[in-house]
Amino acid sequence: MPELPEVESARTVLERYALDREIVDVDDTDTWVCRPHAPGSIRAALLGRKLTAANRRGKSMWLDTTGPTLGIHLGMSGKMVFVDESSAEHDGGDYWQRGRAPGDHRFTRFELSFRDGTSLMLVDPRRLGRVRLDPPVEHLGPDARDITPAQFRAALSRGTAPVKARLLDQEALAGVGNLLADQILWLAKVNPSRPVSALTRPDLDRLQRATRRSVDAAIAEGGVHTLSVVPYRREGALCPRCHTEMRRATVGGRTTWFCPREQV
DNA sequence: TATAGTGTTATCGG
DNA sequence: ACCGATAACACTAT
């Protein structure tokens with residue numbers, strides 16, 4: 001499911017395939033995913049327009065058009081699929097929804113049809129994704145891929161929240177999800193429950209470097225499921241560095257796996 | 001059959 | 001007002 005790296009691969013697909021084609025039909029009838037606009041309002045705003053650029057900050061995407069901006073968030077189970085002139089489907093190589101067969105429209109929640117017969121759809125079984133016009137993005141923190149050490153220290157300096165909860169706070173820094181957070185904390189050898197107020201300057205700098213490394217690695221390797229500690233997020237697994245049994249906890253409301261020996 | 005889940009947001013309580 | 005925790009959302013996979 002999508003964190004920053006998966007959203008970036010989706011953005012790349014949109015940029016490569018979906019720009020500069022005239023929109024001749026829009027299916028925005030799923031008013032749970034397409035909101036808060038009235039049914040048909042997104043359709044009316046986009047008919048006859050073209051997508052002109054695909055942008056991303058954290059896990060949020062927005063598409064510039066010759067009309068209003070189209071915001072797309074993949075939620076926990078969404079993926080973008082582009083159907084080309086020969087009905088071949090292109091997605092980000094995302095590892096989830098692997099079981100979906102080409103042409104399966106059961107979970108298509110939003111669709112743009114272009115004049116040349118191609119189309120772009122949001123496929124989202126759980127319907128936790130969102131499509132909206134002119135989405136707000138200013139509230140998001142700096143993108144986790146290019147946040148500077150100084151910005152990172154500022155984002156993690158205030159308050160008493162567990163450091164993992166802060167890493168997941170999209171207004172502090174944008175793009176880190178549950179798996180990336182576990183990887184970052186494991187790489188930096190920081191306990192997920194440690195209050196941000198207890199982090200030292202060296203801790204913060206290690207965390208920032210671990211964030212950059214983890215995001216870059218996941219983008220290069222094809223998603224957060226390729227991160228090195230992810231296979232060890234299970235009962236009975238041993239830390240791949242020190243062979244201590246991994247421990248499970250709930251931090252920031254999310255399932256958390258960490259090495260109790262190294263992450264102190 | 002029961003439960004957990006890679007995300008976000010409204011609401012509650014301190 | 002600020003900060004953090006929790007429940008809810010809808011559906012699939014185990």
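Throughout, protein chains are lettered first and strands after them, A, B, ... in sequence-line order, and every chain is numbered starting at 1.
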Exercise. Heavy atom of residues 244-260 of chain A under 4.0 Å from DNA chain C: which residues?
Worked result: none
For this session: State plainly whether the residues D124(A) and K79(A) are in salt-bridge range, i.e. N to O under 4.0 Å.
Result: no
Problem set entry | R132(A) to W62(A) six-membered ring, cation-pi geometry met (6.0 Å, 45°) | no
Exercise. Over how many whole Å does the gap from E235(A) atom CD to dG5(B) atom P extend?
Worked result: 11 Å
Exercise. Rounding to a whole Å, what distance do you find between R132(A):CZ and dT8(B):C1'?
Worked result: 11 Å
Seminar exercise, completed: Closest non-hydrogen atoms of T52(A) and T65(A), given as atom of the first, atom of the second and distance, are OG1-N, 3.6 Å
For this session: Can you tell me which stems DNA chain B forms, taking runs of 3 or more consecutive Watson-Crick or G-U pairs with both distances under 3.5 Å?
Result: B:2-5 with C:11-14, B:7-14 with C:2-9
Exercise. If only atom types and distance count, is the side chain of E221(A) paired as donor or acceptor with the main-chain N or O of L227(A) below 3.5 Å?
Worked result: no
Seminar exercise, completed: When rounded to whole Å, the NE2 to P distance for the pair H139(A) and dA10(B) reads 10 Å
Exercise. Do N178(A) and K164(A) have a side chain donor and acceptor closer than 3.5 Å?
Worked result: yes
Problem set entry | Short side-chain donor-acceptor distance under 3.5 Å, E262(A) and T244(A) | no
Seminar exercise, completed: For nucleotides 7-12 of chain C, 5' to 3', base contacts (B), sugar-phosphate-only contacts (S) and non-contacts (-) with protein non-hydrogen atoms under 4.0 Å give --BBBS
Exercise. Is any side-chain N or O of H73(A) closer than 4.0 Å to OP1 or OP2 of dG7(B)?
Worked result: no
For this session: Using a strict 4.0 Å threshold on nitrogen-to-oxygen distance, state whether R57(A) and D143(A) make a salt bridge.
Result: no
For this session: Considering only atom P, compute the distance from dC9(C) to dT1(B) and round it to an integer number of Å.
Result: 22 Å
Exercise. Do D216(A) and R145(A) sit within salt-bridge range, that is, some charged N less than 4.0 Å from a carboxylate O?
Worked result: no
Problem set entry | E3(A)/R56(A) salt bridge by N-O under 4.0 Å criterion | no
For this session: Please determine if R194(A) and D203(A) form a salt bridge, counting it only when a charged side-chain N lies under 4.0 Å from a carboxylate O.
Result: yes
Exercise. Of all of residues 174-183 of chain A, which get a heavy atom below 4.0 angstrom from DNA chain B, listed by number?
Worked result: G177(A), N178(A), L179(A)
Exercise. So, does R233(A) use its side chain to make a donor-acceptor pair with the main chain of M246(A) at under 3.5 Å?
Worked result: no
Exercise. For the side chain of E85(A) and the backbone of D116(A), is there at least one donor-acceptor N/O pair under 3.5 Å apart?
Worked result: no
For this session: Let me know the distance between CE of M61(A) and P of dT8(B), rounded to the nearest Å.
Result: 12 Å
For this session: Decide side-chain contact (heavy atoms from CB on, under 4.5 Å) for H105(A) and V123(A); before the verdict, give the C-alpha distance in whole Å, the side-chain angles of both, and the deciding distance to 0.1 Å.
Result: CA-CA 8 Å; H105(A) 279 231; V123(A) 181; over 6 Å; no
Exercise. When rounded to the nearest Å, what value does the distance between C1' atoms of dT9(B) and dT12(C) take?
Worked result: 22 Å
Exercise. Is D25(A) salt-bridged to R43(A), cutoff N-O under 4.0 Å?
Worked result: yes
Problem set entry | Q170(A) side chain to V176(A) backbone, donor-acceptor under 3.5 Å | yes
Exercise. Which parts of residues 153-170 of chain A get close to DNA chain C, meaning a heavy atom less than 4.0 angstrom away?
Worked result: R158(A), G159(A), T160(A), A161(A), P162(A), R166(A)
Pairs under 3.5 angstrom, nitrogen or oxygen only, protein versus nucleotides 12-14 of chain B, please.
none

For this session: Can you tell me the distance, in whole Å, between the CZ atom of R194(A) and the P atom of dG4(C)?
Result: 17 Å
Exercise. Do any N or O atoms from the side chain of S197(A) and from the backbone of T160(A) form a donor-acceptor pair under 3.5 angstrom?
Worked result: no
Exercise. Does the pair R109(A)/D27(A) count as a salt bridge with the N-to-O cut at 4.0 Å?
Worked result: no
For this session: Output yes when a side-chain donor or acceptor of T118(A) lies under 3.5 Å from a complementary backbone atom of F114(A), and no otherwise.
Result: no
